Amino acid sequence: MKRYYLLIILSVLALCTACDKVTTPALLGKWQLKTVEKNGVETAVDTVWYNFQSESVFLLQIYVPQRDNYLFFFGLRRQAENDLSIRLESDEGIGYSDWEGRERLFTIEKLDKKRLTLRSGEGYRYSFIKF
């Protein structure tokens with residue numbers, strides 16, 4: 001009888017794990033920032049990528065043409081429905097971005113297989129394409 005219960009528990013755990021894989025959010029992957037909009041003014045961007053590497057790991061990648069190199073900022077993300085919180089491990093060199101500190105809060109306005117639109121608490125709208 002104990003073997004029967006053990007088999008049921010293992011089956012339920014396997015199903016739960018499979019469900020998690022099926023519901024992996026479309027946010028995962030590498031997204032290239034294309035435009036930033038503030039107060040109706042849209043600015044083109046092609047040197048910034050947001051990488052959602054897992055359910056919690058984040059990488060901000062910035063290409064700096066003047067130095068001909070990339071800067072990488074690792075951090076963690078939390079998501080609840082359309083609310084997205086990202087906290088970077090360090091703010092060293094963050095001056096190459098529009099981040100004012102190590103943590104940003106966003107609302108996901110649009111997310112599909114090819115497009116992502118985030119709105120920050122500071123009123124910026126960021127439009128990305130899947131890279």
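The shown structure was predicted, so the numbers you read here are calculated from the model rather than taken from an experiment.
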How close do [X] and [Y] get, heavy atom to heavy atom, and via which atoms?
{"X": "Trp99", "Y": "Glu103", "value": "CZ3-C, 4.4 Å"}
{"X": "Ser90", "Y": "Glu92", "value": "OG-N, 3.0 Å"}
{"X": "Arg115", "Y": "Trp31", "value": "C-CZ3, 3.5 Å"}

| request: Check the pair Tyr96 / Arg67 against side chain to side chain donor-acceptor pair (under 3.5 Å), numbers first and verdict last. | output: CA-CA 11 Å; Tyr96 288 98; Arg67 296 171 48 183; 3.2 Å; yes
| Counting only heavy atoms not in Glu42, do more than 12 sit closer than 6.0 Å to its CD atom? |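 Counting other residues, nucleotides and ligands, CD of Glu42 exceeds 12 neighbours.
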| request: Decide if atom NZ of Lys110 counts as having more than 12 heavy atoms of other residues, nucleotides or ligands within a radius under 6.0 Å. | output: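 Not more than 12 within 6.0 Å, no.
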Donor on one side chain, acceptor on other, [X] and [Y], under 3.5 Å:
{"X": "Asp98", "Y": "Tyr126", "answer": "yes"}
{"X": "Glu122", "Y": "Ser120", "answer": "yes"}
{"X": "Asp46", "Y": "Tyr63", "answer": "no"}
{"X": "Gln61", "Y": "Lys30", "answer": "yes"}

Quick check: does any side chain N or O of [X] sit under 3.5 Å from a backbone N or O of [Y], one acting as donor and the other as acceptor?
{"X": "Arg102", "Y": "Leu88", "value": "yes"}
{"X": "Asp112", "Y": "Lys114", "value": "yes"}
{"X": "Arg77", "Y": "Ser54", "value": "yes"}

Any non-hydrogen side-chain atom of [X] less than 4.5 Å from a side-chain atom of [Y]?
{"X": "Leu111", "Y": "Asn82", "value": "no"}
{"X": "Phe72", "Y": "Leu59", "value": "yes"}
{"X": "Phe73", "Y": "Ile62", "value": "yes"}
{"X": "Val36", "Y": "Val48", "value": "no"}

| message | Classify the ring geometry of Trp49 against Phe131: parallel below 30°, tilted from 30° to 60°, perpendicular beyond 60°. | response |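 Rings of Trp49 and Phe131: perpendicular, as their planes differ by over 60°.
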Calculate, to the nearest 0.5 Å, the distance between atoms [atom1] and [atom2] belonging to [X] and [Y] respectively.
{"X": "Ser127", "Y": "Lys34", "atom1": "OG", "atom2": "NZ", "answer": "11.0 Å"}
{"X": "Leu118", "Y": "Thr107", "atom1": "CG", "atom2": "OG1", "answer": "8.5 Å"}
{"X": "Tyr50", "Y": "Leu84", "atom1": "OH", "atom2": "CG", "answer": "9.0 Å"}
{"X": "Phe106", "Y": "Leu116", "atom1": "CZ", "atom2": "CG", "answer": "9.5 Å"}
{"X": "Leu76", "Y": "Ser56", "atom1": "CG", "atom2": "OG", "answer": "6.0 Å"}
{"X": "Asp83", "Y": "Ile108", "atom1": "CG", "atom2": "CD1", "answer": "8.0 Å"}

| request: With side chain to side chain contact (heavy atoms under 4.5 Å, CB included) as the test, would you mind laying out the steps for Leu60 and Ile86 before giving the verdict? | output: CA-CA 10 Å; Leu60 171 61; Ile86 300 173; over 6 Å; no
